[in-house]
Novice: 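My questions will all concern the structure given below.
Here the structure is a predicted model, which is why all the values come from computation and not from measurement.
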Amino acid sequence: MKIVIIGNGVAGTFTAQYLRNLDTEADIEIYSSETHSYYTRVKLPEVISEKISIEDLIVFKEDWYDKNQIKQFLDKTITSIHLENKDISIDGFKNPVSYDKLVIATGSLPNIPPIKNASNMVGKGVYTLRNIKDAQSIKRFIDQEDVKNALIIGGGLLGLELANQIKNCGLNTTVVEFFPRLLPRQLDVDCGGLLKDKIESMGIKVVLNASTEEVLIEEDRVKGVRLNGGDFLKAELVLIQAGITPTINLARNSGLEVNRGIIVNDLLETSAKDVYAVGDCIEFKGQIWGIIPACIDQAKIVANSIVGKHSIKYNGTVPKNTLKIMGIDLTSIGIFDLEDKDTIGAGWQILKGMDSKEKCYKKIVLKDNNLKGAILFGENEAISYVTKNIEKSINEAELRKAINLYKWICLSCGAVYDEAIMEVLFKDLPEDWTCPECNAPKKNYKKERFE
Ligand code: FE
């Protein structure tokens, strides 16, 4: 069996790895337009600040491909897929490359919002960051031009990580976010506020509730941006991190069913026989994923699907996001906000604690005693507990210990003070506080003990 994979990002490469584990005989070939072996995109900002080299980005070196007998062809452009003949055409190849099974893992491209002058200034002061070439271009621009002020459009995970490294380059750095809080897709209002304070304390300016209308140019150089309210922000470098769009042209042109992404079923089969798709380029049940855990889940399932093991089916991925900025421990996982407050009581429960002085925040969402999601800021111990127990039935004693929020019981009347529900920690209540039920003094309360 010959399996051809288009794309060597996380989805394509992990598909190859899982396939090799399941089938030691198959011929596996990867074709990619990238010039480097599989590398980790999340660390691209650190290349700009020279914290790491390009070599450090590469996850699998050549010997990994040799050892696993996976053939990789880099810097290749696939021009078409012929579903009838079961082969693909590659720019510069005399003959088409045939396949028994084809996996499309073409990934995604960064969005450029409809900002006046943004598209025509790309490469001349306006940049997106998706691959090694982008990182090198941004670095060269900073080195060669007189850049003092940088602006990052988009206050999501990638935008903030990029802002941090741009700040490390010694530039005045500002993040502009359209939503009223940072990480709008990962955080609630309370934690968004804490994060903003923390980011600003690192010397990065944050502008919320703002959309950029125009990139201002003078003598073909970027001078700044104009926001929707008319405000002007000075910047010689504008970096856009505003989400992704699946790369689907090749699939569409070859006649595969596409919408926003390449349509797949729960075995990650496309509309054509023996053609599969994984990663950022797919649309499953109307949803685009664009996160690494989804790529890895899908790679595992597509590999099983290809070798005929159809018992494991894809059913979506629990989103888990960690902000990778030194000095900030922030993770958001699963369901963290209940849209409708009335659902609390219908089996849903929120445990929450916030320490604005220490800049800590923890929020746990449970349904029928199952851990459904969390936001954890500055809480390392809780992060590892939650990661291990997501979607599982929890032991309350273990959970309470991990999040360090307890129930206190009045020994006189049995009333309960639950720190995970009340705004104030028990120890922070005033000394003259008394039991609201029986007026017993504070010292009459004891921390709940678990057997
Ligand atoms: Fe009491």
Novice: Compute the ring centroids of F426 and Y445, then answer whether they are less than 6.0 Å apart.
Specialist: yes
Novice: Please enumerate all residues that pass side-chain contact (heavy atoms from CB on, under 4.5 Å) together with N168, with sequence neighbours excluded.
Specialist: S49, N164, Q165
Novice: Can you tell me how far the NZ atom of K407 sits from the CZ atom of R449, to the nearest 0.5 Å?
Specialist: 15.5 Å
Novice: If you round to the nearest 0.5 Å, how far is CZ of F377 from CE of M354?
Specialist: 10.0 Å
Novice: Which residues satisfy the side-chain hydrogen bond (donor to acceptor under 3.5 Å, both in side chains) test with N8, sequence neighbours excluded?
Specialist: S32, Q72
Novice: More than 12 non-hydrogen atoms from neighbouring residues, nucleotides or ligands closer than 6.0 Å to NZ on K101, yes or no?
Specialist: yes
Novice: Take the angle between the ring planes of Y38 and F60 and call it parallel below 30°, perpendicular above 60°, tilted in between.
Specialist: tilted
Novice: With the threshold set at 4.0 Å, does a side-chain nitrogen-carboxylate oxygen contact exist between D190 and K352?
Specialist: yes
Novice: Where do I291 and P319 come nearest, in terms of heavy atoms and distance?
Specialist: CD1-CA, 3.9 Å
Novice: Side chains of L157 and L183: does their closest heavy-atom pair fall under 4.5 Å?
Specialist: yes
Novice: Is the closest basic N to carboxylate O distance between E391 and K372 below 4.0 Å?
Specialist: yes
Novice: Return yes when atom NZ of K133 has more than 12 non-hydrogen atoms of other residues, nucleotides or ligands closer than 6.0 Å, and no otherwise.
Specialist: no
Novice: Could you grab the distance from atom CG of L151 to atom CG of L239, nearest 0.5 Å is fine?
Specialist: 8.5 Å
Novice: Got a salt bridge between K324 and E46, using NZ or NE/NH1/NH2 to carboxylate O under 4.0 Å?
Specialist: no
Novice: Quick one: do L399 and L351 satisfy side-chain contact (heavy atoms from CB on, under 4.5 Å)? Show the steps, please.
Specialist: CA-CA 10 Å; L399 172 67; L351 306 179; 3.7 Å; yes
Novice: Do other residues, nucleotides or ligands put more than 12 heavy atoms under 6.0 Å from the NZ atom of K71?
Specialist: no
Novice: Looking at E437 and A415, what are the two nearest heavy atoms and their distance?
Specialist: CG-CB, 3.4 Å
Novice: Just by modelled atom types, is the G154 backbone N or O under 3.5 Å from a matching donor or acceptor in the Q241 side chain?
Specialist: no
Novice: Just by modelled atom types, is the A26 backbone N or O under 3.5 Å from a matching donor or acceptor in the R20 side chain?
Specialist: yes
Novice: Taking the side chain as everything from C-beta on, heavy atoms only, tell me whether I3 gets closer than 4.5 Å to T15.
Specialist: no
Novice: For L195 and L182, work out which heavy atoms get closest and say how close.
Specialist: CD2-CB, 4.1 Å
Novice: Step by step, would you call V147 with F141 a side-chain contact (heavy atoms from CB on, under 4.5 Å)?
Specialist: CA-CA 8 Å; V147 182; F141 189 83; 3.7 Å; yes
Novice: Does any N or O in the side chain of R260 come within less than 3.5 Å of the main-chain N or O of G286, such that one atom is a donor and the other an acceptor?
Specialist: yes
Novice: When rounded to the nearest 0.5 angstrom, what distance separates OG1 in T40 from CG in L44?
Specialist: 7.5 Å
Novice: What I'd like to find out is whether the side chain of L371 reaches to under 4.5 Å of the side chain of L366, using heavy atoms alone.
Specialist: yes
Novice: With a 4.5 Å limit on heavy-atom distance, are the side chains of D280 and P246 in contact?
Specialist: no
Novice: For salt bridge (charged side-chain N to carboxylate O under 4.0 Å, His left out), just list the numbers for D355 and K362, CA-CA rounded to whole Å, side-chain angles, deciding distance to a tenth of an Å, and then say yes or no.
Specialist: CA-CA 9 Å; D355 188 335; K362 46 209 156 188; over 6 Å; no
Novice: When you measure from the side chain of T270 to the backbone N and O of V275, does any donor-acceptor pair fall under 3.5 Å?
Specialist: yes
Novice: Look at the side chain of K320 and the backbone N and O of P293, then say whether any donor-acceptor pair between them is shorter than 3.5 Å.
Specialist: no
Novice: Scan side-chain atoms only and decide if N111 and T245 contain a donor-acceptor pair under the 3.5 Å cut-off.
Specialist: yes
Novice: Would you mind reporting whether F178 and T212 have side-chain heavy atoms less than 4.5 Å apart?
Specialist: no
Novice: Mind checking the OG1-CD1 spacing from T174 to I153? Nearest 0.5 Å is all I need.
Specialist: 11.0 Å
Novice: Using the side-chain hydrogen bond (donor to acceptor under 3.5 Å, both in side chains) criterion, which residues pair with K167? Sequence neighbours excluded.
Specialist: none
Novice: Indicate yes or no for a side-chain donor-acceptor contact from K234 to the backbone of F232 under 3.5 Å, with no hydrogens or angles considered.
Specialist: no
Novice: Taking D188 for its side chain and C191 for its backbone only, find out whether a donor-acceptor pair lies under 3.5 Å.
Specialist: yes
Novice: To the nearest 0.5 Å, how far apart are OG1 in T128 and CG in L158?
Specialist: 11.5 Å
Novice: Is there a donor-acceptor pair closer than 3.5 Å between any side-chain N or O of T13 and the backbone N or O of V10?
Specialist: no
Novice: Can you check whether I306's main-chain N or O pairs, donor with acceptor, with K309's side chain at less than 3.5 Å?
Specialist: no
Novice: How far apart are the closest heavy atoms of S108 and R130, and which atoms are they?
Specialist: OG-NH2, 3.0 Å
Novice: Minimum heavy-atom separation for I28 to A16, with atom names?
Specialist: CD1-O, 3.9 Å
Novice: Give me each pair satisfying side-chain hydrogen bond (donor to acceptor under 3.5 Å, both in side chains) with a member in residues 286-299, each pair once, sequence neighbours excluded.
Specialist: D297-T317, Q298-Y314
Novice: Do C410 and C438 have side-chain heavy atoms sitting under 4.5 Å apart?
Specialist: yes
Novice: Of all residues at least two apart in sequence or in a different chain, which pass the side-chain contact (heavy atoms from CB on, under 4.5 Å) check with D56?
Specialist: I52, S53
Novice: So, the side chain of D23 versus the backbone of E25: is there a donor-acceptor pair under 3.5 Å, distance only?
Specialist: yes
Novice: Do other residues, nucleotides or ligands put more than 12 heavy atoms under 6.0 Å from K43 NZ?
Specialist: no
Novice: Do NZ/NE/NH1/NH2 and the carboxylate oxygens of K363 and D337 come within less than 4.0 Å?
Specialist: yes
Novice: Pair L267, Y276 - check side-chain contact (heavy atoms from CB on, under 4.5 Å), show working.
Specialist: CA-CA 8 Å; L267 294 171; Y276 304 76; 5.8 Å; no
Novice: For N265, give me all partners under side-chain hydrogen bond (donor to acceptor under 3.5 Å, both in side chains), at least two apart in sequence or on another chain.
Specialist: E269
Novice: Inspect the contact between R41 and E34 and indicate whether a charged nitrogen and a carboxylate oxygen are less than 4.0 angstrom apart.
Specialist: yes
Novice: Inspect the contact between K148 and E236 and indicate whether a charged nitrogen and a carboxylate oxygen are less than 4.0 angstrom apart.
Specialist: no
Novice: Please walk me through it: do V189 and R181 pass side-chain contact (heavy atoms from CB on, under 4.5 Å)?
Specialist: CA-CA 7 Å; V189 178; R181 63 176 185 267; 3.9 Å; yes
Novice: Looking only at non-hydrogen atoms, find the nearest pair between E381 and A402 and report the distance.
Specialist: OE2-CA, 4.3 Å
Novice: Does K401, at its NZ atom, have more than 12 non-hydrogen atoms belonging to other residues, nucleotides or ligands within less than 6.0 Å?
Specialist: no
